[in-house]
Colleague: 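Have a look at this one.
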Protein chains: 2
Amino acid sequence: MEALAKVTTAVPPSETLLPGAKQLLRDVSSPRPNCSTCNMLQWCIPANVEPENRRAIDQLVAKRLKLRKGETLFRPGEKFSTLFSIRLGSVKTVLLAEDGRDQVSGFHMAGDVIGTDGIGSEHHECQAIALEDTEVCAIPYSRIEELEHASPQVLRNMHRMLAEEIGRERRVMLMLGTLRADQRLAAFLIDLARRYHARGYSSSEYVLRMTRDEIGSFLGLKLETVSRLLSRLHREGVIQVQGRIIKILDPVALKHLIETSV
Amino acid sequence: MEALAKVTTAVPPSETLLPGAKQLLRDVSSPRPNCSTCNMLQWCIPANVEPENRRAIDQLVAKRLKLRKGETLFRPGEKFSTLFSIRLGSVKTVLLAEDGRDQVSGFHMAGDVIGTDGIGSEHHECQAIALEDTEVCAIPYSRIEELEHASPQVLRNMHRMLAEEIGRERRVMLMLGTLRADQRLAAFLIDLARRYHARGYSSSEYVLRMTRDEIGSFLGLKLETVSRLLSRLHREGVIQVQGRIIKILDPVALKHLIETSV
DNA sequence: CGCCGTCTTGACGAATCTCAAATAAAGTGG
DNA sequence: CCACTTTATTTGAGATTCGTCAAGACGGCG
């Protein structure tokens, strides 16, 4: 795996970046987090940074945090100050309404940057919860803003990320408003495949990190419907499902499903 | 009404701000658009501007445009350079998918600023179409950025607007993912009432500017469902519907409907 | 006045949800 | 590592919601 085993449970008093509950999260800033040797660098905020800024990016990450499954990274209303780059694991974001309704608004995997929802309003709008044991780099937004001035590439990366985020939300809206249940599920499976592929994994086989209930919440469906539709696609030979292991057998049929009207 | 009747059909060659189709829109920059005497000022980007910046804001608006019902202000893919503040009338924004699906993503009324979807990506992401005869102020984004440096109030207003936009999209997602048809419609009617009220109009009676089909598209429903549900709410005494005239008779019942599980 | 786009309403069917029970998988403590 | 508990998943039957198709009414406008 990696040399990240040593978990320092004590929070160093020097940099109290994270208020409240987050103090409980395990800080795993081994000796010192170091972007330039990080193997997630190519996906992250300082990707392809100019040679002259190489040294600067090692000042970017304040600390690394380790979350156990189910732990919360930030909550709605919390003051925004930090973006989090997922190094390892996966995270769901959940929207909460005043009346108690809630909905999974996204699933995020290694290489994704989360917390961007706070940039506009100074406060987080959703809750981020680890779907499995997860490690994130905490990057103070103020440092990003500084580096944006020095590095056009960092600015470009940030813009790309924010634009992707907006595009993602837009696709979700279109999906919820215009697609049937089976089409939503197909779109979901294809999107996951695409994202795993982009990270160098197989695009035809992967393991779901979330429950049927969480998938249903994201897609605006009940968990039983998700389960039934997975079974149906399996029966039809389009995919193969074994618990959370998904194999896409006929990607063309899957894509076609989204476009067919009945 | 207002002193806006004189429509100059000729586009002055001086400032060719808007490319392509937009040249066809009628420029109604009477002598010169003037924010400081505009009666929409309190809702707009330079609202509550500092006294020392009063003169600067009159350089903000490049021109005023008049759209007839059905005309398009901008389209997906078009280069972003300008925000539009609605002075009069109303506009819908429409998302388009590659496969032909489309969905109304929002309804915008006088006082709303549209075009913000282009800020992140440099290109517009949706199509803006006038629902009725409409007048907008075209505000070059570069001028806003300049003014943001001089005026903390303008910066604040911009942030507020963008945060509101994000919050609005978030609420739409939650609505589409978690509410039944009747609850969506109730939420829609309440939202319109709230927005009209904020603009000084009655919160219990208003005229819809869009068709049942457009409401359905926005809510992820078919037009027949929208019509049936309006009739049902009318029958139940919660609202009164006469064509596009809506009267909210029992706002409490309407709000309650959203929270009841069946 | 007649046309056309919009709206309403009914009947029917398909999609999706609810409730319930059985099964499978994952986590826990000895 | 096993037995036990808890959680997650599958599947069925029946109810409900919503969409589809079709016919007619309404209303603005040339």
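Every chain is numbered from 1 and lettered A, B, ... according to where its sequence line falls, protein lines coming before strand lines.
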Colleague: Restricting to salt bridge (Lys or Arg N to Asp or Glu O under 4.0 Å), what partner residues turn up for A/Arg171, sequence neighbours left out?
Modeller: none
Colleague: Would you call the rings of A/Phe74 and A/His124 parallel, tilted or perpendicular, where under 30° means parallel and over 60° means perpendicular?
Modeller: parallel
Colleague: What does A/Arg244 touch in the nucleic acid at a heavy-atom separation under 4.0 angstrom: a base, only the sugar-phosphate, or nothing?
Modeller: sugar-phosphate
Colleague: Residues two or more places apart in sequence or in another chain: which of them pass side chain to side chain donor-acceptor pair (under 3.5 Å) with B/Arg170?
Modeller: A/Glu169
Colleague: To the nearest Å, how far apart are B/Glu214 CD and C/dC7 P?
Modeller: 9 Å
Colleague: Between C1' on C/dA15 and NZ on B/Lys222, what's the gap in Å once rounded to a whole number?
Modeller: 13 Å
Colleague: As a test of reading the structure: which of D/dA8, D/dC18, C/dC17 is closest to the side chain of B/Arg180, going by heavy atoms?
Modeller: D/dC18
Colleague: Apply side chain to side chain donor-acceptor pair (under 3.5 Å) to B/Arg194 and list each qualifying residue two or more places apart in sequence or on a separate chain.
Modeller: B/Asp191
Colleague: Mind checking if A/Arg184 touches a base, just sugar-phosphate, or nothing, with heavy atoms under 4.0 Å?
Modeller: nothing
Colleague: The side chain of A/Thr225 is closest to which nucleotide in this list: C/dT16, D/dT9, D/dG19?
Modeller: C/dT16
Colleague: Does A/Asp99 have any side chain to side chain donor-acceptor pair (under 3.5 Å) partners at least two apart in sequence or in another chain, and if so, which?
Modeller: A/Arg101
Colleague: Rounding to a whole Å, what distance do you find between A/Asp213:CG and D/dT7:P?
Modeller: 13 Å
Colleague: What is the distance, to the nearest angstrom, from the CZ atom on B/Arg232 to the C1' atom on D/dT17?
Modeller: 10 Å
Colleague: Could you go over nucleotides 23-30 of chain D and give all protein N or O partners under 3.5 Å, atom names and distances?
Modeller:
none

Colleague: Specify the separation, in whole Å, of atom CG of B/Leu233 and atom P of C/dT9.
Modeller: 13 Å
Colleague: Which residues pass the side chain to side chain donor-acceptor pair (under 3.5 Å) test with B/Lys222, not counting sequence neighbours?
Modeller: none
Colleague: A/Ser90: which residues meet the side chain to side chain contact (heavy atoms under 4.5 Å, CB included) condition with it, sequence neighbours left out?
Modeller: A/Leu131, A/Glu132, A/Arg209
Colleague: Is it the case that B/Thr178 and A/Gln103 place a side-chain donor and acceptor less than 3.5 Å from each other?
Modeller: no
Colleague: Whole-Å distance between C/dT6 P and B/Ile215 CD1?
Modeller: 13 Å
Colleague: Using C1' atoms of five pairs at each end, report the bend of the helix from C/dC1-D/dG30 to C/dG30-D/dC1 rounded to 10 degrees.
Modeller: 50°
Colleague: In the structure I gave you, are the side-chain heavy atoms of A/Phe188 and A/Phe218 within less than 4.5 Å of one another anywhere?
Modeller: yes
Colleague: Over all strands shown, is B/Gly220 touching base, sugar-phosphate only, or nothing at heavy-atom distances under 4.0 angstrom?
Modeller: sugar-phosphate
Colleague: Base, sugar-phosphate, or nothing: which does A/Ser227 touch, judged by heavy atoms less than 4.0 Å apart?
Modeller: base
Colleague: Tell me every residue that passes side chain to side chain contact (heavy atoms under 4.5 Å, CB included) with A/Arg68, counting only those two or more places apart in sequence or in another chain.
Modeller: A/Arg26, A/Glu71, A/Asp133
Colleague: Starting from P on D/dC18, measure out to CG on B/Leu185 and report it in whole angstrom.
Modeller: 11 Å
Colleague: Run the salt bridge (Lys or Arg N to Asp or Glu O under 4.0 Å) test against B/Glu205 and tell me which residues pass, sequence neighbours left out.
Modeller: none
Colleague: Show each protein N/O and nucleotides 12-15 of chain D N/O combination with a separation under 3.5 Å, one pair to a line.
Modeller:
unit_1	atom_1	unit_2	atom_2	d
D/dG12	N7	A/Arg228	NH1	2.8
D/dG12	O6	A/Arg228	NH2	3.1

Colleague: Calculate the interatomic distance between A/Leu221 atom CG and D/dC18 atom P; express it in whole Å.
Modeller: 14 Å
Colleague: List the residues meeting side chain to side chain contact (heavy atoms under 4.5 Å, CB included) with B/Gln240, not counting sequence neighbours, and say none if there are none.
Modeller: B/His234, B/Lys247, B/Leu249
Colleague: With heavy atoms under 4.0 Å as the rule, sort B/Leu230 into base, sugar-phosphate or nothing.
Modeller: nothing
